[in-house]
Number of protein chains: 2
Amino acid sequence: MRARIEDVAAAAGVSMKTVSRVLNNEPNVREETRRRVQEVVERLHYAPNLSARSLAAQRSYVVALMYDNPSRNYLMEIQVGVLDACRAQHYNLVLGPTHWGTEGFLGEVTGLIRQSRVEGLVLTPPLTDDAALLATLDGLGVPFASISPQVQTGRIGVTLDEHAAAAEMVTYLISLGHRRIGHITGHRSHGGCAWRHAGYREALARAGIEYDPELVIAGEFDYESGVRTGGRLLDLPERPTAIFAANDDTAAGVLRAASLRGLEVPRDLSLCGFDDTPMSQQINPPLTTVRQPSRAMGRLATLELIKAIRGPEAGRMLRVDYALQLRESAAPYRAPR
Amino acid sequence: MRARIEDVAAAAGVSMKTVSRVLNNEPNVREETRRRVQEVVERLHYAPNLSARSLAAQRSYVVALMYDNPSRNYLMEIQVGVLDACRAQHYNLVLGPTHWGTEGFLGEVTGLIRQSRVEGLVLTPPLTDDAALLATLDGLGVPFASISPQVQTGRIGVTLDEHAAAAEMVTYLISLGHRRIGHITGHRSHGGCAWRHAGYREALARAGIEYDPELVIAGEFDYESGVRTGGRLLDLPERPTAIFAANDDTAAGVLRAASLRGLEVPRDLSLCGFDDTPMSQQINPPLTTVRQPSRAMGRLATLELIKAIRGPEAGRMLRVDYALQLRESAAPYRAPR
DNA sequence: CTGTTAGCGCTTTCAA
DNA sequence: TTGAAAGCGCTAACAG
């Protein structure tokens with residue numbers, strides 16, 4: 001039926017081991033032999049049996065992408081990048097949905113590692129900042145790369161300066177003339193939340209605007225909490241003229257809250273978010289927000305992970321750039337009616 | 001290090017084969033023996049080596065989810081369902097991104113099948129309706145299940161009556177008093193497009209409203225085409241008072257087009273979409289649309305596929321229900337200003 | 001109902 | 001630079 005390595009060896013007039021060496025790019029093969037083997041491989045449409053390879057080499061060539069229900073769009077972007085990197089490096093990807101915060105969470109992760117003989121993990125928020133998880137993985141000796149972790153010291157992965165991004169966004173609002181700027185934070189468990197808040201504070205401080213706790217409300221990174229908390233901000237006696245929401249979903253909710261109160265964005269309220277989800281361009285008006293290169297982040301984190309799997313002490317924490325997306329939802333200050 | 005089946009056998013005082021039988025739920029094991037083996041399995045944290053199993057059994061236990069860049073949300077929902085089913089049936093999932101319509105497309109699919117020894121495929125639109133692909137798969141003898149195929153005869157998978165859904169949606173608009181109802185179709189290559197259009201026509205016919213080709217424009221299932229085609233409809237001398245867009249992204253674009261013209265939804269225009277993406281609730285006003293149970297569709301299609309893998313002649317085409325989501329974007333007819 | 005034996009297709013070790 | 005032999009951990013076929 002299907003060609004085996006033995007068939008290739010016979011057809012090329014070499015031993016199995018030599019074919020194996022060619023397949024795995026090992027040294028100690030004469031260039032001519034190498035070419036001859038490769039020709040036969042193509043002619044026979046030979047594809048190695050991955051199960052046999054894994055069994056013999058005692059390796060799975062599998063990495064897992066661990067997540068817990070973040071925004072679907074965000075995760076899908078990450079996943080595309082991770083998958084790209086896996087294919088390029090001849091690794092397989094296994095998907096690892098988990099229920100973070102539940103009792104069985106750690107078991108879900110270790111179970112997957114055991115079951116699938118996973119060689120390394122790519123972690124996404126909020127898993128990236130779960131100390132117990134990181135300790136467990138360290139204990140097991142399973143390498144992992146984190147995407148946007150809050151604490152980065154000595155870890156592998158890729159991160160983005162959310163503090164600077166938030167500060168830049170708020171500075172932009174200030175440059176438009178706004179001074180009463182509200183902020184809706186994300187869910188406390190999520191790393192980015194604290195950083196975005198800190199960036200907000202810093203921008204205010206740099207501009208000499210006093211921090212007013214009344215203007216900061218805790219949201220939950222979703223649309224509903226945006227409607228609710230945005231409403232509270234807009235119902236303030238002296239309402240903000242601009243709001244910086246901790247992510248796009250929340251901002252969409254604020255937009256709704258404004259609309260329900262007869263306020264128009266950006267005429268009566270400037271609004272901005274974070275993430276640049278596709279939705280942010282499809283709402284009306286299009287949302288000013290911060291773009292993070294999720295796909296590249298997935299790809300880079302995976303590449304670093306695979307480096308770490310291959311060579312201990314390899315793999316670094318990379319930093320990627322954000323980019324402000326200035327769209328119609330934020331406009332120059334106008335005195336409230 | 002890690003327990004092998006041999007260790008389990010020794011600890012339980014039985015043969016390897018008996019352990020294997022218990023693990024694979026095969027018959028011919030005394031109930032007491034079965035329990036004893038299971039205890040040891042748990043005690044030793046034994047997890048079978050999947051590579052060894054695949055190699056020995058000459059089976060991969062892998063199914064692939066094939067797709068080509070549909071809406072990220074839609075795909076993610078499908079994927080969650082597929083993954084659920086895979087786990088429940090002890091199958092592994094491999095992701096199969098493709099570039100449909102390019103020269104190398106068929107090679108991408110067959111390459112994946114060879115490389116990963118895939119036992120079956122789950123196909124999503126628009127791959128579901130690619131005759132050449134289906135013929136190739138039939139030729140290879142690889143079973144597949146389609147999600148929402150246009151032609152269903154003799155195939156396996158899950159489908160939804162898009163014709164009826166579209167008709168019901170348009171009938172709803174008519175019941176609100178609208179008679180000049182525009183329709184923006186999807187991309188021709190996508191199966192659903194023709195059906196939704198047919199449903200639109202039927203609803204008009206049933207209500208005795210004449211079909212006006214001027215009110216039907218070809219879109220491309222995305223936001224930009226919605227802005228463009230929606231604009232053209234709204235610029236008509238006698239503009240429609242309602243528009244049925246072939247999907248939510250397009251509808252969002254129409255909303256934008258209306259806004260750019262100073263028209264308010266639903267006051268000046270009733271609008272509805274199809275898919276019920278999360279975005280549809282986050283735009284302003286929330287969008288009336290058709291919900292399809294994507295997650296369940298992914299799960300059911302996968303289960304049928306696995307049935308077909310296990311027993312030839314097994315596996316059917318299932319039909320699932322849609323549900324109209326009536327939200328604020330559609331309202332009773334008001335004469336245009 | 002249970003056990004024994006012989007591979008599955010590859011890589012590893014060691015020798016040439 | 002190359003090759004021969006010995007497994008990796010499991011299941012299939014057959015015996016008991």
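The figures that follow rest on heavy atoms only: side chains count, while hydrogens, waters and symmetry mates do not. All chains are named by letter (A, B, ...) in the order of the sequence lines, taking the proteins before the strands, and each is independently numbered beginning at 1.
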message: I'd like to know if the side chain of A:Thr124 reaches the main chain of A:Met66, judged simply by a donor and an acceptor atom lying under 3.5 Å from each other, with no hydrogens or angles considered.
response: yes
- request: Using whole Å, report how far CE of A:Met16 lies from P of C:dT11.
  value: 8 Å
Closest listed nucleotide, where the reference is the side chain of B:Ala52 and the choices are C:dT11, D:dT2, D:dG9: D:dG9
query: Would one find a side-chain N or O of A:Thr18 under 4.0 angstrom from OP1 or OP2 of D:dT2?
result: no
- prompt: Between D:dT11 and B:Ser20, is there an OP1 or OP2 to side-chain N/O distance shorter than 4.0 Å?
  reply: yes
- prompt: Does the side chain of A:Glu42 come within less than 4.5 Å of A:Glu39's, by heavy atoms?
  reply: no
field: Nucleotide D:dC8, atom C1' - distance to CG of B:Leu50 in whole Å
entry: 14 Å
message: Output the rounded distance in Å from CD (B:Glu26) to C1' (D:dC14).
response: 14 Å
task: Go through the steps to decide whether B:Gln79 and B:Tyr67 satisfy the test side-chain hydrogen bond (donor to acceptor under 3.5 Å, both in side chains), and finish with yes or no.
output: CA-CA 10 Å; B:Gln79 181 180 297; B:Tyr67 55 88; 5.6 Å; no
- prompt: What about A:Arg21, does its side chain sit under 3.5 Å from the base of D:dG3 through a donor-acceptor pair?
  reply: yes
- prompt: Hey, is the side chain of B:Gln58 poking within less than 4.0 Å of OP1 or OP2 on C:dG7, counting only N and O atoms?
  reply: no
- prompt: Do we see a donor-acceptor contact under 3.5 Å between the side chains of B:Ser51 and B:Ser54?
  reply: no
field: Between D:dT1 (P) and A:Arg34 (CZ): distance, integer Å
entry: 10 Å
message: Pick the closest DNA chain D nucleotide for A:Val29 and for B:Leu23 by heavy atoms, then say which residue is nearer the 5' end.
response: A:Val29
query: Separation of A:Asn28 atom CG from C:dT12 atom P, in whole Å?
result: 14 Å
message: OP1 or OP2 of C:dC10 versus the side-chain N and O atoms of A:Tyr46: is any pair under 4.0 Å?
response: yes
message: Nearest to the A:Leu55 side chain among D:dG9, C:dC10, C:dT12, which nucleotide is it?
response: D:dG9
- line: Rounded to whole Å, CD1 of B:Ile5 lies from P of C:dG7 at a distance of 19 Å
- request: When you get a sec, tell me which of C:dT4, D:dC8, D:dG9 is the closest nucleotide to the side chain of A:Ala56?
  value: D:dC8
field: A:Glu26 atom CD, neighbour heavy-atom count above 12 within 6.0 Å
entry: yes
message: Which nucleotide wins on minimum distance to the side chain of A:Arg4, given the candidates C:dC10, D:dA4, D:dC8?
response: C:dC10
- request: Give B:Thr33 one of three labels, base, sugar-phosphate or nothing, depending on what nucleic acid heavy atoms sit under 4.0 Å from its own.
  value: sugar-phosphate
Any B:Arg30 side-chain N or O less than 4.0 Å from OP1/OP2 of C:dT2: yes
- prompt: Can you check whether B:Asn49 has a side-chain N or O nearer than 4.0 Å to OP1 or OP2 of D:dC8?
  reply: no
query: What is the distance, rounded to the nearest whole Å, between atom CD of A:Glu6 and atom C1' of C:dT11?
result: 14 Å
Qualifying residue for side chain to side chain contact (heavy atoms under 4.5 Å, CB included) with A:Leu123, from A:Leu65, A:Leu137, A:Asp130: A:Leu137
query: Within this structure, what is the NZ-to-P distance between B:Lys17 and D:dG9, rounded to whole angstrom?
result: 18 Å
